[in-house]
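In what follows, a single structure is set out as structure tokens and then discussed.
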Amino acid sequence: MRIGTLLKTLFCVGIATAYPNFKDILPNGNEVPHPCKANYVWHGVGHNNPLGGGSRNQFGLDFKTAGLSWTPELCRKDSDGDGRTNGEELGDPECVWKTGSFPSRLSDITHPGVCTLSDGSICDADKGGVDCQVEDGLKNCNVLKEPETLNTTIRFPETAVPAEETTYSCMIFNLPSDKDYHLMAYEPNIDNEMVMHHIIIYGCDPNEDPVPDEQLNTVTKCGMSAGSNCNQMIGLWGVGRPGYCIDGPMGFRIGQGGFKQAALEFHWNNPQLKSNLKDSSGVTLYYTPKLRANDAGIMSTGQMNLEIPPGQQSYTVVGKCHSECSRKLIQAPINIFWAKNHMHYLGHEMNIKVYRDGVYYTELTNEVIYNYDSPVEKTYSTAVQVLPGDEIVTTCKFKSLSRPKTTFFGDATSDEMCFGFLAFYPVANMPFSTCTAWKDIPICNLWIQKEHNDCKWVDFMFRNVNETKRVRDEVMANCKPFGNCLSECKATLQILFAEHPCMKGDVYELIKDQSLKLDNKEMQAFIVAVDSCKAEMAADVYLRNLTNDNTSGADRLGGISLLLVSLIMYMMIK
Ligand SMILES: *[C@@H]1O[C@H](CO)[C@@H](O)[C@H](O)[C@H]1NC(C)=O
Ligand SMILES: *[C@@H]1O[C@H](CO)[C@@H](O)[C@H](O)[C@H]1NC(C)=O
Ligand SMILES: *[C@@H]1O[C@H](CO)[C@@H](O)[C@H](O)[C@H]1NC(C)=O
Ligand SMILES: *[C@@H]1O[C@H](CO)[C@@H](O)[C@H](O)[C@H]1NC(C)=O
């Protein structure tokens, strides 16, 4: 009895705080069937997640526009575009239903936010339908039915969940490495549903030193990535998802010739700051020695330079995988079979589009309402082919009303990111897996795109080639790091700024940024030396502009005197 009451209270609190119960204000709102599963109710009618919460489907968006109420306009609309109005789908074809009354029809209810054709077939996920294979869990996952398939379950040891709203915890573990396997599917084992929010599986770079044994299988607090060498996403689970199954001629290679270690990253959500919660969730990985024809990989696109000003309603950042990068990195057509947007908490909208020969070709993702806490994965029923030279344009929109200061690119929750993750095959056609930009400079993979506007910036930064050495020696001989701007430094820099392609505009800024990030001490000293005069020289130019008696200078002075005169007049009148 008491336990029953307690459970009921908990349940009600859960519903009230997490998902307001909108089902009662929609006709047959509690009876909307799951289009893929017989006898299953789709609880969150306005959401992509059948359990509710997270991103909204088109019906949810329209419902929101209608002020979260069942209006005649919303009723007459066909949100999912399948030829039946929302009213027809929900049993109120005349649009007369009012809360508390019976709808005119109680049977033949269909989902107003999932495009279902008259023959009962469901449209592709990218046309407003859902991917029933995903919705069905791993029941139809073919690899699980093959006799060769092996599985291993990795679990956190029982760990106390901190009394903090958001915690990221990571654990690195060994993968089977006696031979080569393809990782084909994974399934979550959720121990504590109250806190488990999402799980990411990262492969650790097999070309780096392995994580030593004593650091394995222990839980540590981490940021939004598991650590510098474990950052190749190979799996993702979010609330409401059943797991993931690759169904095609590809798999993620683990074992001898692939990832030998991986990290699990948990995001625990504890908004009520309870101090007695524990969790020992984990995942089951399914892998097979029956190798598929192709290795799969995940590439990243996006923008590496972020400076989001505070107080913005919506601040747009674009990162291009430029044609010239994509031509170098993608050596033959690749097939994209899965995609995921990635920003942190300021992100509110994101899309990734492909342009071919300068013309819009297709869209890889489009999340009109992005929410870090509800990761949305996009799986294509038919892989999207991307060709060498195609431009992949990632657009991120950030809302920074909550921030009093500029937000930069970085790992921490309070930093931001603008990355698209695209799973593709075969890896052989794209051996390097980043095609991001820094401002508008195509940096591709750092080690491939070495030049921009005649500046061989990778050489300039990393290699002591004669040219770099000459420039650096000259600056260090004439300028004083952290000191005053010396006249001989100014003279040296005047020539360098005018002549050297690496000392101009964004490329110099990129070199500066990377020297700081990569902790390149020699370059940092050089930059501090250059910057001892940079501000003063900019001021010099500005002052020279003002005082120069040429047309534009005179105009400007004229403008300023006019302004002063008006100001004095205004003050006199007041
Ligand atoms: C996982 O592997 C074990 C044998 O190691 C097997 O008994 C079990 O059925 C497998 N589980 C699934 C879901 O395939
Ligand atoms: C670099 O300088 C050294 C000596 O100053 C010279 O022998 C060498 O040929 C130069 N290398 C290049 C690539 O110019
Ligand atoms: C100086 O004047 C030129 C020409 O009017 C202008 O293009 C330039 O931006 C000015 N520079 C500064 C630092 O104000
Ligand atoms: C004015 O003088 C500055 C400084 O010498 C020069 O850079 C600029 O081009 C001149 N502007 C015009 C319009 O001649």
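Counting starts at 1 for both ligands and their atoms, following the listed order. If you're wondering where the values come from, they're calculated on a predicted model, not measured in any experiment.
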- Pairs involving residues 375-395, ordered by first then second residue, that meet salt bridge (Lys or Arg N to Asp or Glu O under 4.0 Å) (sequence neighbours left out): Arg241-Glu377, Arg356-Asp390
- Query: Are Tyr202 and Phe259 near enough that their ring centres are under 6.0 Å apart?
  - Reply: no
- Task: Could you tell me if the ring centre of His348 sits under 6.0 Å from that of Tyr370?
- Result: no
- Query: Parallel, tilted or perpendicular for Tyr425 and Phe337, by the 30°/60° rule?
  - Reply: tilted
Any protein N/O atoms within less than 3.5 Å of an N/O atom in ligand 1? List the atom names and distances, or say none.
from     : atom 1 : to     : atom 2 : distance (Å)
ligand 1 : 2 (O)  : Asn151 : OD1    : 3.3
ligand 1 : 2 (O)  : Asn151 : ND2    : 2.3
ligand 1 : 11 (N) : Asn151 : ND2    : 2.9

- Query: Where does the angle between the aromatic ring planes of His342 and His344 fall among parallel (under 30°), tilted (30 to 60°) and perpendicular (over 60°)?
  - Reply: perpendicular
- Message: Could you tell me if the side chain of Leu216 sits less than 4.5 Å from the side chain of Asn174, heavy atoms only?
- Response: yes
